[in-house]
Protein chains: 2
Amino acid sequence: MPMSDSGNTDILIDISTAILRAHEGELQFRALEDAGESAKRLPFGPFMPHRHRTMEISLRQWVREQVGVDLAHVEQLYTFADQGRYRSGESDERHVVSVGYLALARAEDAGGGAWDNLYRHFPWEDWRTGRPDVLDAVILPALDNWLGRHDHAAERVRLAFGRNEAQWDEEFVLERYELLYQAGLIEEAVRDGRITSPPQEALGAPMQLDHRRILATALGRLRGKLKYRPVLFDLMPDRFTLRALQETTELVIGTSLHKQNFRRLVEKSGFVEATGETSRTRGRPAELFRFRHGNRADRPLAGLRVSGGRKTGRTS
Amino acid sequence: MPMSDSGNTDILIDISTAILRAHEGELQFRALEDAGESAKRLPFGPFMPHRHRTMEISLRQWVREQVGVDLAHVEQLYTFADQGRYRSGESDERHVVSVGYLALARAEDAGGGAWDNLYRHFPWEDWRTGRPDVLDAVILPALDNWLGRHDHAAERVRLAFGRNEAQWDEEFVLERYELLYQAGLIEEAVRDGRITSPPQEALGAPMQLDHRRILATALGRLRGKLKYRPVLFDLMPDRFTLRALQETTELVIGTSLHKQNFRRLVEKSGFVEATGETSRTRGRPAELFRFRHGNRADRPLAGLRVSGGRKTGRTS
DNA sequence: ACAATTATGCTCAAAGTGAGTATAAATAAG
DNA sequence: CTTATTTATACTCACTTTGAGCATAATTGT
């Protein structure tokens, strides 16, 4: 980075955004298709500092106008300057630094356009109906094989994938993705020329550039943030049943929760208030709740501290 | 950010780093002085993408060579493109985007150079000897006065500063700093021309540019991270007593902890193992511990879940 | 020898949490 | 219209975690 600057460094800053919503039982993100490209991509565009005061403001405006989505929550994820990669098919030789953003939208504000099921790109992250088969059938054996040649990574694999004594931690989405990438089990690794042998079997649908990595970062961040900030409500409509809130939570953290305890947790948290109205569906009607605090921006702290089943086998 | 690009956007990327260590009972950061400038600054330098593969690698190398510190932990904080500010005293008109980093060093690896007490810049964040006087004497009255003209921010103030029912949350360092800045109680706000009336009394020592904001981000992030990742040990020497570990923890989170419970917490966590050796100081000798896992990088998950006193007065 | 100081062990009550059982209120089926 | 099915909600209970303190141990300083 430093030392005496030698020459001109033409840098282009891209902003890439993972826009998520909960819709029809899926955790979805806004995905764009390019002609002649099978892999999809996230919405992104150049940052032009002389036009916009802050990245977040310009991002919101641009997403509303160009992508047709009204964003509820916007959060900067990470600035990737790693690869020293150039934007492909570009005539000039500028270095691209990409700033990744996570954005949440309510299904109502999300307009038309194409949305993709996030877990289609991360099948090993969805534990709602139990441990995904692909883990034991494909991923762990392949990682073991890779570890034969790279055993220094054994501990990382143990922790990220919850083997032996370790627990599966749903927040380690990025760690898992990067291990799979390094082990060459991810199509992007082949495309980037990091690995010569093609993956034995596609692990999740690939995406352009490093967009799947940005998605992994986004999912991991969101799963973590849930627990200490009420971001969940930025995925919910104005009124919702506790059941709907629980389903959205489960979508995000990728596990299923105990209904009665979830109710206790939410009620105790003070984040919601009953409206008096009820919803009519199949069984007994459910009370409709709304998020407390009308004032956006002025968000309370804390989050939901959701957690899966009891942890047995402590590594004391 | 987007739409059709019109012309040349010359962007300069700076990397600014908050390097922290725990030393002589203080939480310190590496501070540089410039001739003719009373306010200090963080180490920073331009990012040159054609020279370095990743920002983190180049940062480590640059800090070792130029600042003389061996970094234990490095973590990207945030990319600030807000102000649309230009670097002062520069002939060219490039926009500066600054990427902030948090770095931790062990006191042993921290070489010479000037280190500053972090809490000198954030006196309201140090609660180790009780609630800081400046809060009730200066900050809250001044904020109340400001709220008279800006009452929309009342809820933010309530949450950030733990008034009424709300708890003081030690992680909200940045929120507090930004409120103080907006309220014009911070010298930097005057310097940036955001406010005309000078602050009645200097609240903490000012710094150049937005470096105090980066420090606030760093402190808040570190305080949060402690709880779910064992970063604390990147501030500790190889062998340490539990007392020393507790003191470092208290330095970071800015509150004091119950000794016996801290011991229980740490022992149960499995992060440390006894070495058999003991330290000799004043009273009874203490057992020396070391961090488990020789392998750097291969860090366990989880953190310490430290917490201050019991929370009373729940907002149910 | 004794006071002061620091470390460590242990107890106890309150709060939190995982995992149920029980009951209520609706719709769908017969 | 009676009953099965479905969903919502209430409550219990054992176990764990946590805040707070008392008690004891092993040093140094006087």
Side-chain angles (χ1 to χ4, degrees), chain A residues 25 127 167-168 170 227-228 239-250 253 255-289 302-316, chain B residues 25 127 167-168 170 226-228 239-250 253 255-270 272-289 302-316:
Chain A
W127 288 55
Q167 290 280 327
W168 179 276
E170 75 269 358
K227 286 156 199 155
Y228 61 96
R239 273 130 216 264
F240 48 83
T241 63
L242 290 189
R243 165 65 137 158
L245 185 65
Q246 178 176 347
E247 267 173 9
T248 301
T249 310
E250 292 173 337
I253 64 175
T255 57
S256 53
L257 301 169
H258 184 281
K259 180 151 53 161
Q260 297 93 320
N261 290 348
F262 182 80
R263 160 176 288 268
R264 175 175 67 188
L265 183 72
V266 172
E267 285 183 329
K268 204 187 45 176
S269 78
F271 285 139
V272 299
E273 57 190 6
T275 61
E277 307 162 63
T278 54
S279 80
R280 48 313 142 281
T281 37
R282 218 27 152 60
R284 172 174 170 174
E287 176 114 46
L288 284 174
F289 289 81
L304 276 186
R305 309 299 300 307
V306 284
S307 85
R310 187 177 293 279
K311 277 88 183 167
T312 48
R314 177 56 52 85
T315 325
S316 179
Chain B
W127 288 54
Q167 289 280 327
W168 179 276
E170 74 269 357
L226 266 198
K227 285 156 200 155
Y228 61 96
R239 272 129 216 264
F240 48 84
T241 63
L242 291 188
R243 167 64 138 157
L245 185 64
Q246 179 176 348
E247 267 174 10
T248 302
T249 310
E250 292 173 337
I253 65 176
T255 56
S256 54
L257 300 169
H258 184 281
K259 181 153 50 161
Q260 296 95 319
N261 290 349
F262 182 80
R263 159 176 289 269
R264 177 175 65 189
L265 183 71
V266 173
E267 286 185 325
K268 204 188 45 175
S269 77
V272 300
E273 57 190 5
T275 62
E277 306 162 64
T278 54
S279 79
R280 45 326 131 282
T281 37
R282 214 35 147 56
R284 170 174 172 175
E287 175 114 46
L288 284 175
F289 289 80
L304 276 186
R305 311 295 303 305
V306 285
S307 86
R310 189 177 293 281
K311 279 89 185 164
T312 48
R314 180 53 56 84
T315 324
S316 179

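Hydrogens, waters and symmetry mates play no part in the numbers below; they use all other heavy atoms, side chains included. In what follows, chains carry the letters A, B, and so on, assigned in the order in which the sequence lines appear, proteins first and then strands, with residues in each chain numbered from 1. These numbers come from a predicted model, not from an experiment.
With contacts defined as side-chain heavy-atom distances shorter than 4.5 Å, the pair A:L245/A:F289 does not qualify. For the pair A:V272 and A:F240, the minimum side-chain heavy-atom distance is below 4.5 Å. Here the side chains of B:T255 and B:W168 are not in contact, with every heavy-atom distance at 4.5 Å or above.
A close approach under 4.0 Å does occur between a side-chain nitrogen or oxygen of A:K259 and OP1 or OP2 of D:dA8. Close to D:dT28, at under 4.0 Å from its OP1 or OP2, lies no side-chain N or O of B:R280.
Residue A:H258 comes nearest to A:Q246 through the heavy atom pair C-NE2, 4.2 Å, listed as atom of the first residue, atom of the second, then distance. The two residues A:A286 and A:T241 have their closest heavy-atom pair at CB-CG2, 3.7 Å.
When rounded to the nearest whole Å, the span between CZ of B:F262 and P of C:dA7 equals 12 Å. The distance from atom CZ of A:R243 to atom P of D:dT6 is 13 Å, rounded to the nearest whole Å. Whole-Å rounding puts the B:L257 CG to D:dG19 C1' distance at 12 Å. Atom-to-atom, CG of B:L265 to P of D:dT17 comes out at 11 Å; the value is rounded to the nearest Å. At whole-Å resolution of the value, CD in B:E287 and P in C:dA7 are 12 Å apart. In this entry the distance linking CZ of A:F240 with C1' of D:dA8 reads 16 Å, nearest Å.
In terms of modelled atom types and a separation under 3.5 Å, the side chain of B:T278 and the main chain of B:E287 share no donor-acceptor contact. Judged by distance alone, the side chain of A:E250 and the main-chain N or O of A:L257 form a donor-acceptor pair under 3.5 Å.
Between the base of C:dG18 and the side chain of A:R264 there is a donor-acceptor pair shorter than 3.5 Å.
Considering CG of B:N261 and NZ of B:K268, their distance stands at 10.0 Å, rounded to 0.5 Å.
Using a 4.0 Å heavy-atom criterion, one finds that A:T241 contacts no nucleic acid atom at all.
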Detail all sub-3.5 Å separations between protein N/O atoms and N/O atoms belonging to nucleotides 21-26 of chain D.
| unit_1 | atom_1 | unit_2 | atom_2 | d |
| --- | --- | --- | --- | --- |
| D:dG21 | N7 | B:H258 | NE2 | 2.8 |
| D:dC22 | N4 | B:Q260 | NE2 | 2.4 |
| D:dA25 | O4' | B:R284 | NH1 | 3.4 |
| D:dA25 | N3 | B:R284 | NH1 | 3.2 |

Check nucleotides 28-30 of chain C against the protein and report each pair of N or O atoms closer than 3.5 Å, with its distance, or say if there are none.
none

Report task. Please step through side-chain contact (heavy atoms from CB on, under 4.5 Å) for the pair A:T249 and A:F262, ending with a clear verdict. Result -> CA-CA 10 Å; A:T249 310; A:F262 182 80; 3.6 Å; yes
